[in-house]
Amino acid sequence: MSGIITTGEKRLVIVSGRAHPELAEAVGQELQTGVLPTTAYDFANGEIYVRFNESVRGCDAFVLQSHTEPINQWVMEQLIMIDALKRASAKRITVVAPFYPYARQDKKHQGREPISAKLMADLFKTAGADRLMSVDLHASQAMGFFDGPVDHLWAMPVLVDYVRTRVDLSNVAVVSPDAGRIRVAEKWANKLGGCPLAFVHKTRDTTRPNVAVANRVVGDVKGRQCVLVDDLIDTGGTIAEAVKVLKASGATDVIVVATHGVLSDPAAQRLQECGAREVVVTNTLPIKAAKRFEKLTVLSIAPLLARAIREVFDDGSVTSLFDGVA
């Protein structure tokens with residue numbers, strides 16, 4: 001046999017952007033690896049500089065960035081980090097984007113519009129990413145935008161375990177805030193023991209961002225505790241209106257559950273005053289003190305991300321984390 005045979009071991013490296021370093025640190029602690037020391041700063045004109053303070057040659061690098069506001073800055077920083085890893089001879093580069101940037105722009109509603117979610121995937125690939133990992137994509141079809149393996153993680157196990165402790169499972173209904181999320185709500189209903197399902201019929205003007213009107217509830221919620229589930233909460237308008245419609249339809253109690261707490265103004269005020277008993281989100285995005293309110297509960301997604309990263313690194317099964325149905 002010709003050639004050279006080595007017995008070197010694989011090396012896993014967690015690299016973090018500056019958008020949400022607390023999440024990266026928590027993932028690093030779960031994996032007992034820590035986060036790779038990195039120098040990153042902005043020049044006076046806004047250009048971003050990144051340099052890794054240790055060698056990454058031959059490593060399996062996971063580049064974690066949460067795409068919060070200002071989203072374009074953090075997208076650019078992650079692209080620069082990927083490019084730096086590629087030029088430093090990292091063996092495999094995985095983008096870890098707990099909240100996928102531009103996820104809601106995944107199709108054209110009108111002529112002459114972009115499909116920005118596809119553009120993001122193209123940018124990651126061109127920068128040098130080999131793999132992409134995200135949590136609760138706005139539409140599962142977006143997995144097809146990236147030309148390579150995509151690990152679509154579900155926050156449902158984390159959220160369901162908590163919600164079970166907060167409701168009476170014999171008198172609960174799962175509610176989708178619109179018809180488009182029914183399939184996710186069905187999975188929730190099955191996880192909560194096959195409870196009844198309902199959805200809020202709403203109308204949306206595609207020419208006006210963040211504007212939707214909740215009209216009526218389809219399904220029986222009278223006298224029940226309702227778990228209102230969605231993938232994200234931005235300005236909170238849709239969710240707040242849905243809670244009011246549910247209460248008007250006879251729901252005794254409403255808990256709002258979402259994976260991504262974008263919480264743009266005036267979400268905190270709307271959610272605090274809408275009548276929901278509790279609003280539950282994960283920390284896929286950083287939630288600053290100004291965005292927090294009394295009824296808000298934030299659960300950590302770090303253990304789930306760490307388990308998925310470990311499965312990828314070990315060439316294991318990410319699907320096995322979700323009972324083989326992710």
Side-chain angles (χ1 to χ4, degrees), residues 99 135-136 138 154-202 212 214-264 266-285 287 291-301 303-304 322:
F99 177 66
V135 182
D136 284 352
H138 188 63
W154 292 79
M156 192 179 296
V158 177
L159 295 168
V160 168
D161 285 349
Y162 177 79
V163 169
R164 279 200 187 103
T165 69
R166 304 293 291 162
V167 298
D168 177 4
L169 295 177
S170 66
N171 188 41
V172 67
V174 173
V175 183
S176 169
D178 56 54
R181 306 295 297 175
I182 281 291
R183 290 187 64 184
V184 174
E186 286 177 342
K187 292 181 180 180
W188 265 88
N190 291 334
K191 292 288 186 181
L192 293 178
C195 64
L197 187 66
F199 73 91
V200 178
H201 181 267
K202 73 176 183 181
N215 296 316
R216 60 190 174 87
V217 179
V218 179
D220 184 15
V221 298
K222 188 174 181 179
R224 292 185 175 275
Q225 290 182 304
C226 290
V227 180
L228 182 61
V229 297
D230 208 350
D231 62 322
L232 66 91
I233 304 175
D234 193 350
T235 60
T238 297
I239 291 294
E241 288 300 313
V243 171
K244 293 174 184 176
V245 170
L246 287 170
K247 297 296 280 287
S249 299
T252 60
D253 191 19
V254 181
I255 293 179
V256 175
V257 184
T259 301
H260 310 295
V262 181
L263 302 182
S264 305
Q269 181 179 351
R270 283 175 171 171
L271 296 171
Q272 178 67 23
E273 299 173 354
C274 70
R277 169 160 60 99
E278 187 175 9
V279 178
V280 184
V281 298
T282 74
N283 63 341
T284 56
L285 293 167
I287 301 177
K291 293 184 176 184
R292 293 179 180 260
F293 51 97
E294 183 181 353
K295 296 180 179 180
L296 181 68
T297 298
V298 182
L299 306 178
S300 178
I301 203 73
L304 178 64
F322 308 98

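Model, not experiment: these values are computed from the prediction.
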Set of side-chain hydrogen bond (donor to acceptor under 3.5 Å, both in side chains) partners for [X], sequence neighbours left out:
| X | result |
| --- | --- |
| Ser264 | Asp234 |
| Thr259 | Asp136 |
| Ser170 | Asp168 |

Q. Which residue pairs pass the ring pair (Phe, Tyr, Trp, His ring centres under 6.0 Å) test when at least one of the two sits in residues 228-250, sequence neighbours left out?
A.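 As it turns out, there is no ring pair (Phe, Tyr, Trp, His ring centres under 6.0 Å) pair with a partner in residues 228-250 once direct neighbours are skipped.
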**Q.** Within-4.5 Å side-chain heavy-atom neighbours: Val160 and Leu192
**A.**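 Yes, at least one pair of side-chain atoms sits under 4.5 Å.
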(Q) Looking at Glu273, I want to see if its CD is surrounded by more than 12 non-hydrogen atoms of other residues, nucleotides or ligands under 6.0 Å. (A)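 It does: Glu273 CD has more than 12 such atoms within range.
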For [X], all residues meeting side chain to side chain contact (heavy atoms under 4.5 Å, CB included), sequence neighbours excluded:
| X | result |
| --- | --- |
| Thr297 | Tyr162, Glu278, Val280, Leu299 |
| Asp161 | Arg164 |
| Ala268 | Phe293 |
| Ala240 | Arg270, Cys274 |

[X]: partners by salt bridge (charged side-chain N to carboxylate O under 4.0 Å, His left out), with sequence neighbours left out:
| X | answer |
| --- | --- |
| Asp220 | none |
| Lys222 | none |
| Arg277 | Asp253 |

Q: First locate atom OG1 of Thr282, then atom CG of Leu304, and finally report the distance between them rounded to the nearest 0.5 Å.
A: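 The distance works out to 9.0 Å.
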Q | Interatomic distance, Ser176 atom OG to Arg183 atom CZ [nearest 0.5 angstrom] | A |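 Taking OG in Ser176 and CZ in Arg183, the distance rounds to 12.5 Å.
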(Q) Using the rule side-chain contact (heavy atoms from CB on, under 4.5 Å), only one of Leu159, Val256, Val175, Val172 pairs with Val227; which is it? (A)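 Single pass found, and it is Val172.
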